[in-house]
Amino acid sequence: MNQPVLVVIGHGMVSHYFLEQLAERQLHTQYQIIVFGEEEYPAYDRVHLSEYFSGRTAGSLSLAEEGFFPRTGIELRTGQQITAIDPRAKTVTDAAGNTLHYDQLVLATGSYAFVPPIPGHDRPGCLVYRTLSDLDAISRQASRSTTGVVIGGGLLGLEAANALLQSGLETHVVEFSPRLMAVQLDNDGASMLQKKISALGVRVHTARQTVEITDGEQRQHKLCFTDGTELETDLVLFSAGIRPRDELAASAGLEKGPRGGIVIDDYCQTSDPSISAIGECALWQGKIFGLVAPGYQMARCLADRLAEKATAFTGADMSTKLKLLGVEVASVGDAHGATPGSQSYQWIDGPGQIYKKIVVSEDGKTLLGAVLVGDSSDYSDLLQRMLNAIPLPANPESLILPVSEGGAPAGVGVALLPESAQICSCHNVSKGDISDAVRGGCTDMNALKSCTRAGTGCGGCVPLLKQVMEHELEALGVEVKKDICSHFAWSRQELYHLIRVNNIRTFDALIRQYGHGRGCEICRPLAASLLASCWNDYVLQPQHVSLQDTNDRFLGNIQKDGTYSVVPRIPAGEITPAGLITLGQVAQRYNLYTKITGGQRVDLFGARLEQLPAIWQELLEAGFETGHAYGKSLRTVKSCVGSTWCRYGVQDSTALAIRLEDRYKGLRSPHKIKMAVSGCTRECAEAQGKDIGVIATDKGWNLYVCGNGGMKPRHADLFASDLDTDTLIRVIDRTLMFYLRTADRLQRTSSWLDNMDGGVDYLRQVILEDSLGLAETLDQEMQQIIDTYQCEWQTTLDDPRSRQLFRAFINSDQPDEAVVMVPERGQIRPAEPSEKPGVAVTEEPADEWVTVGRLDDIPPDTGRAARLGRQQIAVFRLGEEQPEVYALDNLEPGSGANVLARGLLGDDDGIPLVISPLYKKRLRLTDGISPDDSTVRVRCWPVRVENGMISVQRRPVSVSPPQTALPVS
C-alpha cells in the first residue's frame, strides 16, 4: 500500500523544526515526505545571520543535523522553486514544469524583505538583508565601499547595521519613525538604545523619510529626505520590515488577509482542508508573527493534528530578548502601557546606560509588560510573572531597582511558578517537563538540555532553567553546591580557611591542591583577595601578578578609554596647602582631569598607563601614598572637623578618622569598605550610611555597622554605645576580620548582615560577647595585616621589574593613538568616537613575520601589548616552563579601547580564555571568538617563538576553524 504524500514548500527555520516534530511523532513512517527549498542551502539559523560577516560559514549556520534526512527518509530538494499549486488535482509544479501529487500540503514559504517604492530603490548597490545569497551580495558591495546606510531601525535593521559594522563600514541607520524599534520599545528605552549604539560608532537618523535615491557627488548614492537633508553612501541596505510569501496561495485561490498572509485556523489549516500554513506566511486572527518561537509553536500544533492529536494554536507571546550590536534589549508583553488604567515604573542609570520599565495593572497587583535596555538580566523573572499572573510584591519598583552589591535580587522564586509555566518558548518546555527530567536523572545542565532541548534555541531561558533544576534537586534532598566557579568546588569561606589553615601562599598551590584548570575571572581575583587578606604580600610579586584584575595589576582604576585614575590617600580629607599645590602641579603637568570626591579626596583622571610611575613618583616624594581606590579594600574614612574647630563638636573626629584610615589602609576585603566619623549627632560626615560609622557622644563613641549608600541605601545598625577609643578600635578590628572570614564573594557588609542568621544580635554575641571564642584570633589576624602594610606604589617604584609592567608596548614607546582628549569646562575629557581623527593605514607585506619582543617581557599567565606595524596586538603567555603564546587584536570588542592585553587569563573546560578588562567579555585565545556570544570576536594572529623571541605574522588567521596555539620549543 502506497504511503500518503506530504509535501512541504519552503525549508527555513520553522519548516525544518516542523520536520523534526514529524520525526519525533514517527510521522515520517506514515507519510512520504518531500520538501522543496528555494535556496541552494538547507535550513539555516537566520537569528544569527550577522555572524556570517564575522567568519561563520554557511555550514556552521545549518540547522540540519548530520544524517537527519537519510535516517528519517525525508526527501529534501534544494534549489527547486514551486511555481504553482492546483488544489483540485492536488499537485504542485516546479520551475522546470515537473508536477508532483500531494495528499497533504504545508506552506512554509516564510516572508520577504519589504523594499519601499522609493525612486532609485533598484539601483546597483541597493540591497536587502534576508538570505545567505543577500549576505554574499552585501559582502561584495562592502568590499568596495567605505560607507553603508540601513533604511529601517527595527529589529532586522539593527541586525543589518551590525553586519555593516562588522564589515568595517562607516554605518548609518535611517528610521522613518521618531525612535528605534518602535514596536518593542517606548520612547525612553529607544532613546537609551540610540545612545548606546551611537557610542559604538553607528550614526542614527530618526524621523527621516527617504523620498529619492540618486547619484552622489562623493559616494555612489545620495539619499534625499523630506526635510531637505541628504546623506551620501556607497551601499544602501533595506530592512524596512517583512511581507508574507503568499503568492502561491493567492494563485491557488486560498483565502488571504486584506494586507496579505495566508489565513489559517487554530489548527493551522487554510481555507483548503488539504493545505496548511505555518510561520511568517501564515495569518492567524489577523496577525503575522515575525519571531521564530510562534512559528515553532505552529509547527508543533500542525504536527499534532497530523498525528490525530488536537492541539490548538492560541497565539504567542511576542516578548523577546536579544543582543543588538552588543547591546542587551528585551521587551515583555504590553511594553507601551496600552492597557487602560495601567501604571508604569521606570529606572534609569545614566552613567551605566541602563533603562528599565515595568507596566503594571491599575490595582498594582499584576505585571503587564516591561522594557529593558542595557541590562536584560531581569527578563526571565519578569516574563514568568507576566505569563503566569504571579502577584507582584508590595513595592513593584523593587523588581527593576538594583539590589545592594552582593545582595539577593527580588526574583519571582521558581517555587511560585506553576508546573505548566513555560520555561523554554522555543521548544515548549514547561517547568513540569524540567522537574520530570531532573527526577529522571538529569542532574546537570548539559544532561537537562540534551533531554528536554530547553536552552538550546535562543538561549534566553538558560538562567531560569538552571534555577528550576537546582530547586528540584534541593526538593529531592540533593545538595546543590554553591561553588565559586567551575575551577573550585568550594565557597569563598571554605577557600579562606583552606588558605589560612594550610598556609597556602600562591594561587598555583591552591589550584593544584583544591581545584583544577587555569582559573577564570571569578576565582583568580578572588584568590588574590584571599591571599592578600591572609598574608598581605605585595600584589605584584611574580606569583601574584597574573591574578590581579586590571585595576589591581596597574594600581589604578581603569576608565572607559583605557586610561587610569590617580587617587592618593588623604586621610580624613585633611591636606596641607603644599599637598594641594603638588596635586595641582601634577594634574597640570600631565594634563589630568581633577575632581574632588564625596569621600574627601582629589581624583586625577586621564593618566596613560606609561605615565603612572612618573606621576606616582612625584606624589610619593611629596608625602602621599596610594589611596587603594582600585582595590576591594578600605576606600576612605570621611570626617567632619569635630571639636577642634566646630562649636558643636564633642570629640576630635578628624584625629580618629586619620587613626582609623592609617590602621585599615592595607586591608583587602570581599568588597570595598567605606567609613566615616562625625564629631557630634548632627552627623555631618554621614556615618550612618557607611560600612563602619562612628558618631561622637559626650561619653565616647557610638558605633554603627553595615550601612551603605547607592541606589538602595541601607541605614547602618547601632552596634555599641559610648565606647572609649581603644575599645571602639578593638570592636571594629574584630567586626572587620569576622566579615573577611565569613562574607561571600563581592558581598557588601550590608547584605552580609542581612543574610546572617540572627542578624545584628548574633553579630553582637560573636564580637562583643565572644560567643565563638574567636576574639583573640581575630585580634591577631588584624594585627598581622597592620604590621605588614606597605604602600604598593612605593614598592612598585623600588622594583625595576614591576616598573616594566607599565610600558604601553613591549616593543615601542609610542603612546596609544586611541587615547584622545578634548577640552571641556576648562579641563579635558575622553573624546567620543566621532571626535577622534581617522588613522591612515598603509598596506604592509601580509606574510612577513615580525619580531615583537622577548618571551621574558611577558610574565607567565598575563598579556602585554605590542605594535605590529600599524596594528596593535595583545600577546599572551600561558605557563612558565613550557609556555604557549597567543596573539589577538588589542582592541576590546565594543569599547573602542586598546586594552585587551590587560585582561585576566583563564580557561573554560580546558579552552584558554582572556577576559576583557572593561566589560568582562570572554574571548578564546585559540580563535578570538567569545564562547558566550559568537558575534563578539577579534582577529587572531599566528605566533611563533624561537630562542626566546616572539614573532607574529602580519596576516591574521581565519577565525574558523579555531587555531591551535604554538607551544614554545
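Counting only N and O atoms by type, the side chains of R939 and Q871 include a donor and acceptor under 3.5 Å apart. In this model, a donor atom of one side chain and an acceptor atom of the other lie less than 3.5 Å apart for D691 and T749. Using modelled atom types, one finds a donor on one side chain and an acceptor on the other under 3.5 Å when comparing T563 with D561. In this model, no donor atom of one side chain and acceptor atom of the other lie less than 3.5 Å apart for Y630 and S565. Side-chain N/O atoms of Q783 and D779 include no donor and acceptor closer than 3.5 Å. The closest side-chain donor-acceptor pair between Y664 and D733 falls under 3.5 angstrom. Inspection of the Q872 and D816 side chains reveals an N or O donor paired with an N or O acceptor under 3.5 Å.
Centroid-to-centroid, the aromatic rings of F554 and F806 come within less than 6.0 Å.
Enclosure of atom NZ in K665 by more than 12 non-hydrogen atoms of other residues, nucleotides or ligands within 6.0 angstrom is indicated. The number of heavy-atom neighbours closer than 6.0 Å to CD of Q780, taken from other residues, nucleotides and ligands shown, is above 12.
With salt bridges taken as basic N to acidic carboxylate O contacts below 4.0 Å, one links R807 and D813. E521 has no carboxylate O lying under 4.0 Å from a charged side-chain N of K920, or vice versa, which leaves the two without a salt bridge.
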Inset, instruction - Kindly determine whether Q541 and L531 satisfy side chain to side chain contact (heavy atoms under 4.5 Å, CB included), including the steps that lead there. - result: CA-CA 12 Å; Q541 282 187 3; L531 291 168; over 6 Å; no
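Evaluated for a ring-ring contact (aromatic ring centres under 6.0 Å, His included) with Y514, the options W490, F507, F488, Y496 yield exactly one hit, W490.
Geometric assessment of R500 against the ring of W535 yields a positive cation-pi assignment under the 6.0 Å and 45° thresholds.
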